[in-house]
Amino acid sequence: MSRVWVTETVERLDEVVEVKGWVMSRRDHGKLIFIDLRDRSGLLQVVFKNGAGAEGLFDKANQLRSEYVVSITGKIQKRGERQINPDMPTGTVELIADDMEILAEAETPVFEIEKAHEVGEDLRMQYRYLDLRSERMRNNLEKRHQIISIIHNYLDAEKFWEIETPYLTKGTPEGAREYVIPARLNPGSYFVLPQSPQQFKQLLMVGGVERYYQIARCFRDEDMRGDRQAEFTQMDMEMSFVEREDVMAVNEAMLIKIVETLYPEKRIQQVPFPRISYKEAMEKYGSDRPDLREDKDDPNLLAFCWVIDFPFFEKTNKEEHHGAEGEWTFTHNPFSAAIPEHREWLQNKQNIGDILTTQYDIVLNGYEIGGGSIRNHKAEDLRKVLEIIGHKPENIERDFGHMLKAFTFGTPPHGGIAWGLDRLVMLLQNEPSIRDVMAFPKTGDARDLMMGAPADVSAKQLKELGLS
Ligand code: ASP
């Protein structure tokens with residue numbers, strides 16, 4: 001007999017079926033024992049009757065404890081009128097057990113599964129596999145999967161190719177500290193983990209790919225201010241022969257598709273999404289990620305907007321300055337192009353503080369959920385940006401020579417964007433933290449309490465790496 005998911009049992013009335021899962025709770029009523037059986041799809045009430053079913057079945061049912069793993073066969077029956085539970089998708093039926101196998105016993109769980117969110121988060125992290133059994137976490141993971149699935153289908157239909165870019169690579173300036181990996185085969189050299197696939201996706205455009213995307217892991221070794229993670233996921237894309245509005249249009253349509261398909265109860269406040277200049281956002285809302293919701297208490301209201309026309313450069317002090325000497329730094333992305341009207345200023349290094357970038361940020365309910373830009377596809381323009389932010393010629397060659405060179409071989413105009421996927425899922429799921437929509441997040445101080453990482457490595461490993 002093949003196993004059925006418990007939520008499918010409502011369509012199997014009067015049939016004998018086999019279900020498998022975890023015992024969520026057991027209630028003894030003398031001659032009857034009830035359990036709630038949980039599998040990934042939901043819950044089902046199972047009834048054991050003293051004297052019915054296989055030999056010894058009732059005794060076995062008596063041994064059941066929370067989180068035992070069982071396989072049960074029996075008939076699906078309609079519940080009596082008074083037993084119907086309207087809060088449960090399978091609340092109109094129950095399974096009358098005929099036979100059962102205990103597949104695994106279980107220690108008493110360290111917290112009650114459905115009350116996981118009431119215990120300290122460190123405990124949930126340490127026993128994440130138990131936490132994941134809760135309905136709330138299962139639902140978050142399922143929705144995350146479905147969102148990613150829509151992204152794949154949508155972009156496939158739009159002729160994007162999903163391409164994986166390296167995780168072992170070279171540093172790229174995007175404003176954050178990088179994770180460094182010693183390279184054993186090249187002693188004294190190091191890989192870094194990418195803050196984003198930025199350079200590779202642009203090089204894919206040089207490579208003629210035209211439309212790329214990736215559900216990409218990104219790494220930023222930052223002090224964990226607020227709700228950040230050392231590794232997080234981006235929906236990253238790049239397109240050739242496009243202008244700002246082209247990239248925005250694809251992304252806007254894909255976001256709408258996700259909401260309409262998976263969240264029919266939600267309402268998008270304004271379509272097309274409003275476009276607001278940085279200047280207007282700051283003047284009117286005092287923020288470059290304004291929360292435009294008409295009703296901030298409505299959990300089903302989604303107010304998307306695009307923020308555009310950011311200043312390209314801002315003044316900074318030397319210490320914070322990404323290793324370069326000058327006093328200008330980029331506000332978003334050094335690979336961005338200036339808006340067409342300001343390209344001449346960039347080329348002449350003129351009116352630097354007034355140059356606007358093609359950067360566009362996508363904002364939802366006061367959170368930045370993504371950002372991107374049209375890039376400098378001409379080597380001399382990229383070189384000008386790097387000079388303005390104070391890189392010395394020899395450093396430009398060392399750190400960006402490969403990009404500048406690539407751009408001399410016939411590079412199409414191109415642009416792209418990346419979404420912070422964790423944050424988008426968090427907002428759509430109305431969760432307070434991105435940790436609630438990641439299967440195995442790290443704590444606020446970047447530790448994995450379940451695996452015990454980071455940890456020591458052996459003296460032998462260090463020696464091999466030439467480290468002490
Ligand atoms: N690489 C940028 C980021 O990670 C996104 C982009 O400009 O496409 O923020």
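Order of listing sets the numbers, starting from 1, for every ligand and every atom in it. This structure is a prediction, so every number in the text was calculated from the model and none was measured.
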Option with minimal heavy-atom separation from atom 7 (O) of ligand 1, where the choices are His332, Arg375, Gln359, Gln234: Arg375
Can you tell me if Tyr179 and Gln195 form a side-chain donor-acceptor pair at under 3.5 Å? no
Per-atom contacts, ligand 1 versus Arg220 - under 4.0 Å to a heavy atom: 4 (O)
Assess Arg3 against Trp5: is NZ or CZ under 6.0 Å from the centre of the six-membered ring, and within 45 degrees of the ring's axis? yes
Quick one: look at Ile417 and ligand 1, take heavy-atom pairs under 4.0 Å, and tell me if it's side chain, backbone, both or neither. backbone
Keeping to residues at least two apart or across chains, list the ring pair (Phe, Tyr, Trp, His ring centres under 6.0 Å) pairs with something in residues 118-154. His152-Tyr213
Should you measure from each heavy atom of Ala418, which atoms of ligand 1 turn up under 4.0 Å away? 5 (C), 8 (O)
Looking at ligand 1, does any of its N/O atoms fall within less than 3.5 Å of an N/O of Ser373? no
Consider every N or O of Glu238 and every N or O of ligand 1, then say whether any pair is closer than 3.5 Å. no
Proximal atoms of ligand 1 relative to Lys201 (non-hydrogen, under 4.0 Å): 6 (C), 8 (O)
What atoms of ligand 1 come within less than 4.0 Å of a heavy atom belonging to Ser196? 1 (N), 4 (O)
Using a strict cut-off of 4.0 Å, indicate which atoms of ligand 1 neighbour a heavy atom of Gly371. 5 (C), 6 (C), 7 (O), 8 (O)
Contacts of Glu243 meeting salt bridge (Lys or Arg N to Asp or Glu O under 4.0 Å) (sequence neighbours excluded), chain-then-number -> none
So, Ser196 and Gln234: side-chain donor and acceptor under 3.5 Å apart, yes or no? no
Hey, what's the ring geometry for Phe304 with Phe273, parallel, tilted or perpendicular (30° and 60° as the breaks)? parallel
Thr165 vs Lys201, side chain to side chain contact (heavy atoms under 4.5 Å, CB included): CA-CA, chis, key distance, verdict: CA-CA 8 Å; Thr165 54; Lys201 67 174 174 175; 5.7 Å; no
